[in-house]
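Below is one structure, written out as structure tokens, with a few remarks after it.
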Protein chains: 2
Amino acid sequence: MSPTLKEVARLAGVSRSTVSRVINNHPHVRPQTRERVWQAIRKSGYQPHAVARSLVTNRTEIIGMVIPEAVTTLFTDPFFPILLRGATNACNAHRYQLMLSLFAPSADQQERYQNLLGNGYLDGVIVASASLDDSLISNLLHDRVLFVSVGRHPNRQVHFVDVDNLGGARMAVEHLIHLGHRRIATITGRPDMAAGQDRLEGYRQAMQAHGIPVEERLVVEGDFTENSGMVGMQRLLSASPSAVFVASDMMAIGALKALRQAGWQVPQDIALVSFDDIPIASAIEPALTTVRQPIERMGSIAVEVLLSLVESSPEEEAPVHRIVLPTELVVRASCGSP
Amino acid sequence: MSPTLKEVARLAGVSRSTVSRVINNHPHVRPQTRERVWQAIRKSGYQPHAVARSLVTNRTEIIGMVIPEAVTTLFTDPFFPILLRGATNACNAHRYQLMLSLFAPSADQQERYQNLLGNGYLDGVIVASASLDDSLISNLLHDRVLFVSVGRHPNRQVHFVDVDNLGGARMAVEHLIHLGHRRIATITGRPDMAAGQDRLEGYRQAMQAHGIPVEERLVVEGDFTENSGMVGMQRLLSASPSAVFVASDMMAIGALKALRQAGWQVPQDIALVSFDDIPIASAIEPALTTVRQPIERMGSIAVEVLLSLVESSPEEEAPVHRIVLPTELVVRASCGSP
DNA sequence: ATTGGTGTTGGGAGCGCTCCCAAAAAGGTG
DNA sequence: CACCTTTTTGGGAGCGCTCCCAACACCAAT
């Protein structure tokens, strides 16, 4: 089939070792020998056999992206694809490959985990949007797999990259307060995910900072899906809030649907602010005021961090990376800002 | 680190060969020996080292998903994530892994191609939404890489899975005709992609079948993006069509924006039918009448076909698979159907 | 000329596995 | 019980590469 090191060596009239040194850019090869070897490589169309190399270097230059399948909902939401794009870009820049893995928390999870992580194909893993109580994280820690989480994790050994969900949510709610609202409701994200918790906490902090007591009937639980936004809004209607902070754009779209059905006008009858700034947020009517988060950057930074771990010597205890990226409020029509 | 075959063999008091036979379920192992080996495997937590195995079997059980980065636009459109989900599911079922690769048609494309395909890490490749004139396909053919295209390709050696874009488009336009429309415009998809071409051809066929001549000013070119839908609609306004067939939902969202700005009501002033049925299509106002395509199935079938190629013996010339899946018209509010 | 560096090259071992072939054990038959 | 067949087991070779160590060439300095 394709030529091997040995054949290139014969072609160039040198030994396998020398060809290997040329390929891997090692010093101690005479320039003219190096040139001769390169010629042989080009002529034969030689490509190093990555699998063979990995067997000895114990590195595959492949990292995994693991998505707990519970968040399959995220597939209808562009969060995940954009994250993936960021991760891929960073991988390309470092000549690493990205292996994708959806993980159902099902009967065969254990088997799939073994299969993926145990077989030695991955140098490290990015874990996206895990639920905080997912056993995946503890498994990875136990097995000493190098990984970086997208979304914070309370365990102090976990490297993570996250956006400032708390600050972003606070900013959003404060914007509503500055517009004069006091009966501000919220539809939360999944309470088992850090983003869900933090956005709720941001809401509470903003309310408290301005001395507005939080009525518990103004807080309804969602799960980031459009449908939960619709249902949540319907439940909220009877409490007649004058504004609502919805913890994701997809839920805001659901909420808009509920409001339309109830005959409420946005922003005239109720102001709405949400979170994510996915592309559709600016395309719909009314355009959403929302908190923008740098999803793509989060993906590429997660990869950068992971690769720095992979490429550092295994024994040196690197400090734990806990990176939080800033968010930004994008004001559009849905909040009724003048 | 982790135990090897040899250690398991020692533990079970047999040879490496026997353990290997047990692992790979080969016959000719006495039941009681087999049991003893299994015990040793469980006790030691042995996991076969996939890289080492690949070196000798020449199979990695990894397939690639290649997306020409020109269609990065597809990232804001759920087409791609849903396809990916279908592909992943099929991979899981067959215990294959999926490697993701975005391919910029840039300066380093050639290098990345070599790097990805030449290094022997992939058993085969799924090519998603390639432009028809992309050199990727011809490279793959030339290098005898096993691959399946998502989206038809004219070359008769190319295995592909596609949806019936032509039939779906015809169905959509005929629906408008049955509603009494005759001045029907269209905003096309990218003319360098099969889906773009076929949806336009479906439009033409429907018009022709009903004896309605196609006015060329009623045909404007788009590229599947929301923005091109908006621009296209703006150009169409002066031709005052009574209905428009938009070749994708994302473009339809752009078109709606243009119509709102111009003060046209949908469906009262103009009927609108589009293509894809992405989740957002039913969530916006007015809900879109659109052609649903089985994206997820397309992804899993593509994988099934590819794996059948991978697992067939290399010499037997398999017949070329050219699979076309049916589409379905989903009638909602935007076409003004009674 | 001898010694000792320094730079360059070649060969062997080994990564963890599969597969082939031969040896050993087991089973059947006259 | 010897003989042949069949099943079961073990050991060696080899997949394509890297890395170590030894060998060699070359040059300057003693």
Side-chain angles (χ1 to χ4, degrees), chain A residues 1-38 40-41 44-62 114-115 118-123 311 313-314, chain B residues 1-38 40-41 44-62 114-115 118-123 311 313-314:
Chain A
M1 280 283 278
S2 42
T4 74
L5 248 202
K6 204 159 137 192
E7 294 164 56
V8 177
R10 199 173 37 72
L11 222 104
V14 297
S15 72
R16 286 170 8 253
S17 309
T18 302
V19 179
S20 175
R21 275 186 281 258
V22 170
I23 295 277
N24 296 293
N25 245 311
H26 285 184
H28 302 311
V29 178
R30 220 168 34 177
Q32 81 191 64
T33 312
R34 194 179 288 274
E35 184 46 41
R36 200 146 39 93
V37 171
W38 271 119
I41 290 172
S44 61
Y46 172 73
Q47 281 271 108
H49 191 296
V51 175
R53 174 182 284 171
S54 295
L55 183 59
V56 34
T57 59
N58 229 350
R59 287 278 190 77
T60 57
E61 312 212 320
I62 300 175
Q114 290 294 345
N115 207 41
N119 66 14
Y121 256 132
L122 300 183
D123 287 348
E311 286 171 0
S313 67
Chain B
M1 278 284 277
S2 42
T4 75
L5 249 200
K6 204 158 137 193
E7 294 164 57
V8 176
R10 199 174 37 71
L11 222 103
V14 297
S15 72
R16 284 168 12 251
S17 310
T18 303
V19 180
S20 175
R21 274 186 282 258
V22 170
I23 294 277
N24 297 294
N25 245 311
H26 285 182
H28 300 311
V29 178
R30 220 167 35 176
Q32 81 193 64
T33 314
R34 192 179 289 273
E35 185 46 42
R36 200 147 37 93
V37 170
W38 271 120
I41 290 172
S44 62
Y46 172 73
Q47 281 272 110
H49 191 296
V51 174
R53 174 183 283 172
S54 296
L55 183 60
V56 33
T57 60
N58 230 350
R59 287 278 190 76
T60 57
E61 312 211 321
I62 300 176
Q114 290 294 345
N115 206 40
N119 66 14
Y121 255 133
L122 300 183
D123 287 347
E311 286 171 0
S313 67

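Being a predicted model, the structure only gives us computed values, none of them experimental. Letters go in sequence order (proteins before strands), and every chain restarts at 1.
Regarding B:Q47, its CD atom lies at a distance of 14 Å from the C1' atom of C:dC17, rounded to whole Å. For A:E7 and D:dG16, the CD to C1' distance is 11 Å, given to the nearest whole Å. Here D:dC20 presents its P atom at 15 Å from CZ of A:R16, a figure rounded to the nearest Å. Rounded to whole Å, atom C1' of D:dT9 lies 18 Å from atom NZ of B:K6.
Distance CD/B:Q47 to OG1/B:T4: 13.5 Å, rounded to 0.5 Å. Summarising the geometry, atom CG belonging to B:L5 is positioned 12.5 Å from atom CZ belonging to B:R10; distances are rounded to the nearest 0.5 Å.
Listed by residue number, A:L55, A:V56 are the residues of residues 49-61 of chain A with a heavy-atom contact under 4.0 Å to DNA chain C. If you check residues 20-38 of chain B against DNA chain C, the residues with a heavy atom closer than 4.0 Å are B:S20, B:N24, B:H26, listed by number.
Residues B:R59 and B:E311 share a closest heavy-atom pair of NH2-CA, 4.0 Å. Here the closest non-hydrogen pair linking B:H49 and A:L55 is CE1-CD1, 4.4 Å. The heavy-atom pair separating A:R16 from A:K6 by the smallest distance is CG-CA, 3.9 Å.
Judged by distance alone, with hydrogens and angles left aside, A:S15 brings no side-chain donor or acceptor close enough to the base of C:dG11 to form a pair under 3.5 Å. At a cut-off of 3.5 angstrom, counting only N and O atoms as typed in the model, there is no donor on one side facing an acceptor on the other between the side-chain of B:T4 and the base of C:dG16.
Evaluation of the side chain to side chain donor-acceptor pair (under 3.5 Å) rule for B:S44 yields no partner, not counting sequence neighbours. Applying the side chain to side chain donor-acceptor pair (under 3.5 Å) test to B:S15 and every residue at least two apart in sequence or in another chain returns B:T18. Qualifying side-chain contact (heavy atoms from CB on, under 4.5 Å) partners for B:T60, counting only residues two or more places apart in sequence or in other chains: A:V51, A:Y121, B:S54, B:I62, B:Y121, B:D123. Applying the side-chain contact (heavy atoms from CB on, under 4.5 Å) test to B:L11 and every residue at least two apart in sequence or in another chain returns B:A40, B:K43.
Side-chain nitrogen and oxygen atoms of A:T18 include none within less than 4.0 Å of the OP1 or OP2 phosphate oxygen of C:dT8.
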Quiz: residues 19-32 of chain A side-chain donor-acceptor pairs under 3.5 angstrom, not counting sequence neighbours:
| unit_1 | atom_1 | unit_2 | atom_2 | d |
| --- | --- | --- | --- | --- |
| A:S20 | OG | A:N24 | ND2 | 3.4 |
| A:N24 | ND2 | A:S20 | O | 2.8 |

message: Could you spell out the base pairing of DNA chain C as a dot-bracket line? Use Watson-Crick and G-U wobble contacts where both distances are under 3.5 Å, [ ] for crossing pairs, | for partners on a different strand.
response: ||||||||||||||||||||||||||||||
